[in-house]
Colleague: 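Below is the structure I would like to discuss, written out as structure tokens.
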There are 2 protein chains.
Amino acid sequence: MEIANLPIGFRFNPTDAELLYYLKKKVLSLPLPANVIPELEAFQFNPWDLPGGLNENRFFFCKRKKNLMSKCSSFSTDCGYWKSSGKEKQIVAGESNHVIGMMKTFVFYQGRNIKTQWIMQEFTIVAHLKTPFLDQRLMMKVGSWVVCRLYQRKMRARNHGAAELGHSFAQTTPFLPTSPSSSSSSEITDMSSSDLDE
Amino acid sequence: MEIANLPIGFRFNPTDAELLYYLKKKVLSLPLPANVIPELEAFQFNPWDLPGGLNENRFFFCKRKKNLMSKCSSFSTDCGYWKSSGKEKQIVAGESNHVIGMMKTFVFYQGRNIKTQWIMQEFTIVAHLKTPFLDQRLMMKVGSWVVCRLYQRKMRARNHGAAELGHSFAQTTPFLPTSPSSSSSSEITDMSSSDLDE
């Protein structure tokens with residue numbers, strides 16, 4: 001399937017479990033359902049320098065650091081650093097409560113301490129182990145790849161109205177919440193123009 | 001394109017502007033990019049009775065109420081009602097600041113006053129008018145259809161960790177954040193099973 005030919009409104013927007021499905025295929029060197037996740041050491045870059053649309057969720061396969069002693073929680077770039085935030089979260093498959101991966105969240109700080117809206121989520125596959133010594137199953141992170149989801153956290157506006165868009169409704173064009181027939185002396189100028197065709 | 005054949009992780013998840021693009025086509029009786037939005041009077045139903053996956057964004061074309069006097073802000077169902085919430089919001093096309101539609105948000109209340117997480121956003125096309133009398137442009141809602149986006153607002157968890165999933169990380173399986181080679185006496189049982197293949 002040519003991903004480039006998707007109809008308007010369709011996009012790659014996987015759930016956490018679907019993203020881990022892609023990662024599992026990658027880790028096992030199996031064919032991926034679609035070739036949409038580039039390999040890139042995303043933590044080495046400022047978020048605005050990474051490829052993709054600024055308002056889209058973006059995804060990258062990165063090499064996993066497997067050093068036992070490595071508990072790195074911060075990655076520097078030339079303009080700031082990615083810092084881990086909050087606890088790691090288990091990702092479960094559907095309704096099953098079966099843990100299929102872990103997710104760690106990083107926030108980008110510009111300069112020394114300016115917290116930005118940029119978020120990177122790092123997903124890792126886990127394997128479940130049986131041990132001959134313990135009467136329980138163990139879980140551990142495996143694979144030489146992780147997958148990352150990059151996005152900008154939305155600003156929470158207090159005013160749910162037009163102010164969110166940076167301009168007040170009342171300050172711009174007057175608004176008539178009616179049907180066209182009530183203003184027959186007016187001329188509809190551009191309802192038929194398609195803003196997405198431009 | 002057969003929408004049913006999309007690879008895993010791809011879905012119809014339009015931006016507000018893309019959704020208004022579909023609505024404009026519908027209002028003008030032009031072919032839609034894809035046949036993915038059913039016609040349904042969504043406000044007549046309890047959210048859980050509407051077709052589609054509970055955790056997916058769902059979309060419906062509904063007939064617009066064009067009565068001038070109708071400022072209806074509440075719609076009853078057999079288990080509760082949809083009540084409008086907050087101010088109407090202008091939707092602009094891209095970076096242009098050109099207003100292409102309006103969005104009104106409704107919340108579903110169960111019984112008499114139990115606020116739920118169910119949200120319905122109602123989008124309407126607007127047209128821009130020139131008037132011979134006023135030295136400004138007017139905007140008004142037009143068209144015999146609106147388009148609605150239904151979704152469940154996510155619960156905001158205070159703990160960013162596993163507690164969000166309803167069970168504590170520590171209470172379940174022990175976790176080894178290492179590589180497989182460090183536990184050679186153990187047996188990896190189900191890393192290769194695909195939870196999405198089920």
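Computation of the quantities below employed the complete heavy-atom set of this structure, encompassing side-chain atoms and omitting hydrogens, waters and symmetry-equivalent molecules.
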Colleague: Looking at Pro7(A) and Pro33(B), what are the two nearest heavy atoms and their distance?
Modeller: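 Closest heavy-atom pair between Pro7(A) and Pro33(B): CB-O, 3.9 Å.
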
Colleague: Counting neighbours of CG on Asn55(A) that are heavy atoms of other residues, nucleotides or ligands and sit closer than 6.0 Å, is the number greater than 12?
Modeller: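 Result for CG/Asn55(A): open.
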
Colleague: Give, for atom OG1 of Thr15(B) and atom CD1 of Ile8(A), the distance between the pair rounded to the nearest 0.5 Å.
Modeller: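 Between atom OG1 of Thr15(B) and atom CD1 of Ile8(A) there are 9.0 Å.
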
Colleague: Spell out, yes or no, whether Tyr151(B) and Phe45(B) are grouped together once hydrophobic residues are joined by side-chain heavy atoms under 4.5 Å, including indirect joins.
Modeller: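 Cluster IDs for Tyr151(B) and Phe45(B) differ.
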
Colleague: Is the backbone of Phe10(B) close enough, under 3.5 Å, to the side chain of Arg11(A) for a donor and an acceptor to pair up by distance?
Modeller: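 Such a contact is absent between Arg11(A) side chain and Phe10(B) backbone.
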
Colleague: If two hydrophobic side chains count as joined below 4.5 Å and joins carry through other members, does Val36(A) share a cluster with Leu32(A)?
Modeller: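 They do share one cluster, since a chain of ILVMFWY contacts under 4.5 Å joins Val36(A) to Leu32(A).
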
Colleague: Identify whether Val146(A) and Val99(A) are in the same connected component of the hydrophobic contact network (ILVMFWY, side-chain heavy atoms under 4.5 Å).
Modeller: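 No, no single cluster joins them.
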
